[in-house]
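Accompanying notes for the structure given below.
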There are 2 protein chains.
Amino acid sequence: MRVPPGLTPADFENARKQWEQAVGRDWVFSSDEDVDTYRDSYSPFWHEGDEPVPSAAVAPKTVEQVQEVLRVASSYKIPLWTISTGKNLGYGGSAPLLSGSVVLDLKRMDRVIEVNDKNHYALVEPGVSYFDLYRHIQDRNLKVWIDPPDPGWGSLIGNALERGGGYTPLRDHFDAHCGMEVVLANGEIVRTGMGALPQSQTWQQYRYGFGPYVDGIFSQSNLGVVTKMGFWLYPQPEAFLSGTVGVAKRDDLFPLVENFAYLMNSGIVQATTTVVSPLSYSRDPQLRVLRAQGSTSDVERYAAEKNLPYWSVSLPFYGPAKVIAAQWEYAKQRFRAIPGATFQDGASYRFPLDTDQLAKIVNPVPFGVPSLQTFSIGGPRSQGHMWFSPIIPMSGDAILEAQNVFDQVYQDLGSSSAAPPGFPIWNFFARAFVIIYFFPIEHDIEKNRRNREIFRRLVKTSAEHGWGEYRTHTAFMGDVMDAYSFNDHALLRLHETMKDALDPNGVLSPGKNGIWPKGMRKART
Amino acid sequence: MRVPPGLTPADFENARKQWEQAVGRDWVFSSDEDVDTYRDSYSPFWHEGDEPVPSAAVAPKTVEQVQEVLRVASSYKIPLWTISTGKNLGYGGSAPLLSGSVVLDLKRMDRVIEVNDKNHYALVEPGVSYFDLYRHIQDRNLKVWIDPPDPGWGSLIGNALERGGGYTPLRDHFDAHCGMEVVLANGEIVRTGMGALPQSQTWQQYRYGFGPYVDGIFSQSNLGVVTKMGFWLYPQPEAFLSGTVGVAKRDDLFPLVENFAYLMNSGIVQATTTVVSPLSYSRDPQLRVLRAQGSTSDVERYAAEKNLPYWSVSLPFYGPAKVIAAQWEYAKQRFRAIPGATFQDGASYRFPLDTDQLAKIVNPVPFGVPSLQTFSIGGPRSQGHMWFSPIIPMSGDAILEAQNVFDQVYQDLGSSSAAPPGFPIWNFFARAFVIIYFFPIEHDIEKNRRNREIFRRLVKTSAEHGWGEYRTHTAFMGDVMDAYSFNDHALLRLHETMKDALDPNGVLSPGKNGIWPKGMRKART
């Protein structure tokens with residue numbers, strides 16, 4: 001039996017017994033066999049001693065049980081690591097950052113408390129997955145969409161708290177939340193926003209409430225355990241269409257992105273897409289030689305011969321059929337200012353889709369239908385993956401600079417490379433781009449070490465250029481937070497002041513996003 | 001000379017001298033004549049002893065001076081009251097909540113630091129008014145709109161921090177901010193979001209940064225002094241049009257609002273408007289009698305005879321001309337499901353407007369042009385005003401219930417009434433309605449007392465029905481916060497824990513939004 005750091009086996013045994021009384025014997029796990037299921041299946045420390053391993057797991061069913069689990073943890077100063085469904089793969093999965101932490105597993109709290117299809121919202125518990133909520137809605141034939149991320153088996157609350165993204169107009173999952181219930185380290189239940197008003201009629205409809213708006217401090221955070229959260233849903237739209245814009249020259253990227261930013265920032269395009277260079281997907285050796293040794297115009301000539309755009313962006317439109325047709329027409333009108341721009345109509349649907357139509361769609365996620373399809377796309381050649389995901393400005397300059405800078409890191413470190421020569425640039429969030437680099441995890445210690453080295457170098461180099469990650473794997477949370485260092489880490493020190501005030505015993509997810517409780521703070525370096 | 005509570009005149013004199021060294025002698029005000037300019041011109045305590053009056057004012061020019069002012073205040077435990085431009089009229093103006101506080105006046109910090117018209121944002125200081133930013137943009141012929149609230153002389157930062165609203169698609173001013181610089185009570189400068197990354201390229205483009213998202217705790221708050229803030233701007237749209245929908249029966253309100261909610265929550269209508277009953281504006285005595293004594297169908301018959309809709313809603317559309325035409329067509333198609341619905345085309349513009357066009361528009365605020373026009377609309381018969389502004393659900397039921405409940409309060413208190421028989425219902429924020437009641441302030445002690453009594457009763461009654469205010473006058477901040485009492489005021493206690501941790505000397509805006517520092521907490525009751 002593993003024991004949390006700083007605890008005696010006897011104290012841990014007592015705590016476990018109290019937890020068993022609180023949640024039932026079946027829901028406290030401490031055998032290695034059980035606890036190992038909480039290890040990170042995609043750990044970049046696979047087979048290494050540095051892999052953080054939990055000491056136990058507790059799975060409460062109710063908010064009262066969460067309160068009791070926290071009270072026991074506080075009285076024994078046992079570090080917990082809160083997960084919702086534990087599917088945060090690529091960013092640490094269900095495993096804690098600090099080895100020996102006890103996983104506080106909320107997956108049994110799986111009630112869909114309310115779905116309202118007149119004002120289009122849901123109130124759920126942390127164990128509710130995108131699949132769960134989707135089925136709940138379908139069973140009742142409600143005309144609202146959820147916004148799933150790529151794999152749909154994760155928790156709405158978990159994903160939103162990690163500030164994940166999806167594909168429909170409600171793609172920014174934290175932004176689409178409205179109202180929280182949080183259990184603080186001292187066991188107190190707080191409701192935020194209008195939830196602080198007993199009998200509230202608008203907990204899921206108006207987010208700020210009165211006074212300071214605190215919800216944000218519980219995202220990417222270890223200041224509380226979120227036990228309920230409201231989400232705005234997208235009213236089922238009439239139709240969807242997509243169109244693709246292609247441009248021929250490298251420097252057409254500048255007006256391409258400028259017009260794209262206009263469309264996004266105006267709300268004419270409201271959903272997730274990518275800016276890509278289709279050339280970068282080509283495996284033609286001739287192109288590789290040209291890219292390595294030729295001039296930009298050589299590559300442009302090659303692209304023209306092969307009828308490939310140098311850059312392209314797909315535009316997704318959701319809404320009334322005539323409105324989205326007009327939006328696509330307007331987008332074309334703007335992009336026509338770029339000489340040689342090409343346009344291609346893409347998929348077009350009317351909703352609801354029937355079963356046959358749905359079956360033909362390889363990836364239904366952009367239509368509010370959760371799926372695990374992404375795992376078949378993600379490539380079976382690695383044993384797992386993690387993500388490097390910096391935010392860059394929504395500009396052509398930034399894309400070219402990021403591409404050069406990150407390629408150079410790979411070259412400097414002699415990697416033949418996980419780094420794609422080009423990579424899709426995503427707009428999961430308003431007003432900025434996010435680059436999402438795939439890093440394979442192998443059952444190969446040397447390869448993983450090399451990848452960790454590249455990863456850390458990318459974080460540093462990225463910060464030197466003014467780009468920061470929006471989210472990262474537990475293994476690199478300290479590195480990333482270190483980069484957010486303005487005024488001698490003033491923001492981190494603010495987080496630490498709040499951490500000490502709200503969780504003086506330091507029991508909630510120590511180290512999460514680089515934030516450690518007082519007693520463990522030297523662990524930061 | 002007035003002295004802050006708990007201070008000796010000698011200490012206050014020393015503090016003032018240190019402030020004078022920090023900001024210059026001209027910018028510390030302590031004569032009654034100077035300080036009285038900071039009193040609330042619309043105080044509901046006009047001519048009464050209860051009116052809170054500042055003891056002095058300090059106006060720093062730079063963030064370094066703010067730091068110094070805070071350090072001095074902390075060392076002497078002098079309560080400050082932070083204002084940006086002091087134009088929060090109807091909610092307390094420039095006056096403190098706690099009498100004797102020193103006004104920290106940021107209006108000299110008036111730099112427009114950056115306006116970017118490619119990614120459509122601005123970075124400003126607290127003293128920058130909507131007029132200032134508008135002129136800055138016009139002088140440079142940039143193609144971006146600001147989103148002014150009714151009067152444009154206030155501060156962007158002040159209005160956003162109070163979570164005010166405007167009229168264009170970026171109408172939720174706090175939601176449209178991106179990135180802050182904050183001076184904490186200890187004098188430390190924190191930058192939030194991507195601003196925590198030195199050399200950040202995306203401070204105004206991606207709001208969350210890494211780790212807990214703290215910005216919200218500085219809104220409607222006394223946890224820090226915001227010295228810079230980024231705002232997303234609206235790219236100049238091609239066109240605008242509005243259309244009005246009318247319905248004939250009282251109960252048509254239900255489908256009217258349901259369809260309106262669909263359009264809003266889908267992003268088809270993105271801007272601010274009102275649901276009103278045009279009948280309520282009528283002064284026809286016949287209608288008054290019918291409303292008081294007749295049946296609903298009597299009133300409906302009257303409306304039909306006079307060719308007045310029972311309810312109406314105007315829909316504002318911004319964007320490409322063909323897109324917004326299609327949006328209005330789609331809206332009509334939906335509302336046609338209500339038998340007898342009528343439609344009227346309203347104003348229609350192409351942007352930019354030339355000077356002649358602009359001159360003809362009575363209220364240019366919805367077109368991104370700041371104005372003081374609202375003061376000529378607001379009615380000259382009172383000496384000032386304050387606002388009662390509860391949030392209610394976006395449903396017909398809620399509108400009817402609120403109307404009945406609030407009317408009853410006025411009747412119970414025997415008021416002939418400031419309460420309109422009907423009142424516009426606003427959608428300043430996504431997904432919910434806000435009702436904005438106008439309360440006149442008179443230079444008449446009895447009338448003001450009566451109005452305060454009605455106001456407090458409205459707050460209580462509102463809370464009993466599950467509706468809470470989104471913002472309130474300093475005079476009622478304690479009453480409103482008291483209503484947000486779930487779990488024995490758990491949210492307030494969370495605020496107080498943070499207050500004690502971040503401002504242990506209790507110098508920042510004591511009492512703001514009901515939050516008092518430790519030493520003054522009994523003042524709450």
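Chain letters run A, B, ... following the sequence lines, proteins first and then strands; every chain starts at 1. These numbers were taken from a predicted model, which means no experiment stands behind them.
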Contact part of [X] toward chain A, heavy-atom cut-off under 4.5 Å: side chain, backbone, both or neither?
X	value
B:D117	neither
B:Q327	both
B:L170	side chain
B:I515	side chain
B:L233	backbone
B:A325	neither

Which word best sums up how the rings of A:Y484 and B:F210 line up, parallel for under 30°, tilted for 30 to 60°, or perpendicular for over 60°?
->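 Parallel: the ring planes of A:Y484 and B:F210 meet at under 30°.
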Kindly state whether the ring of B:Y208 and the ring of A:Y470 have centres lying under 6.0 angstrom apart.
->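 Centroid separation for B:Y208 and A:Y470: 6.0 Å or greater.
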Ring centroid separation for A:Y206 and B:F429, is it under 6.0 angstrom?
->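 Distance test on ring centres: under 6.0 Å, yes.
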Please tell me if the side chains of A:E188 and B:L494 come closer than 4.5 Å, counting only heavy atoms from C-beta onward.
->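 No, every pair of side-chain atoms sits at 4.5 Å or beyond.
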So do B:D175 and A:R207 actually touch side chain to side chain, heavy atoms under 4.5 Å?
->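 In short, these two side chains touch, coming nearer than 4.5 Å.
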Output the option from A:S221, A:P235, A:A430 having the highest count of non-hydrogen pairs under 4.5 Å with chain B.
-> A:P235
Does B:N487 reach the main-chain N or O of A:V190 with its side chain, forming a donor-acceptor pair under 3.5 Å?
->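 No; judged by distance alone, with no hydrogens or angles, the pair does not exist.
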Is there a donor-acceptor pair closer than 3.5 Å between any side-chain N or O of B:R163 and the backbone N or O of A:G209?
->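 Such a contact is found between B:R163 side chain and A:G209 backbone.
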Salt-bridged, A:K322 to B:E329, with N to O below 4.0 Å?
-> no
At a heavy-atom separation under 4.5 Å, does A:P198 approach chain B through its side chain, its backbone, both, or neither?
-> both
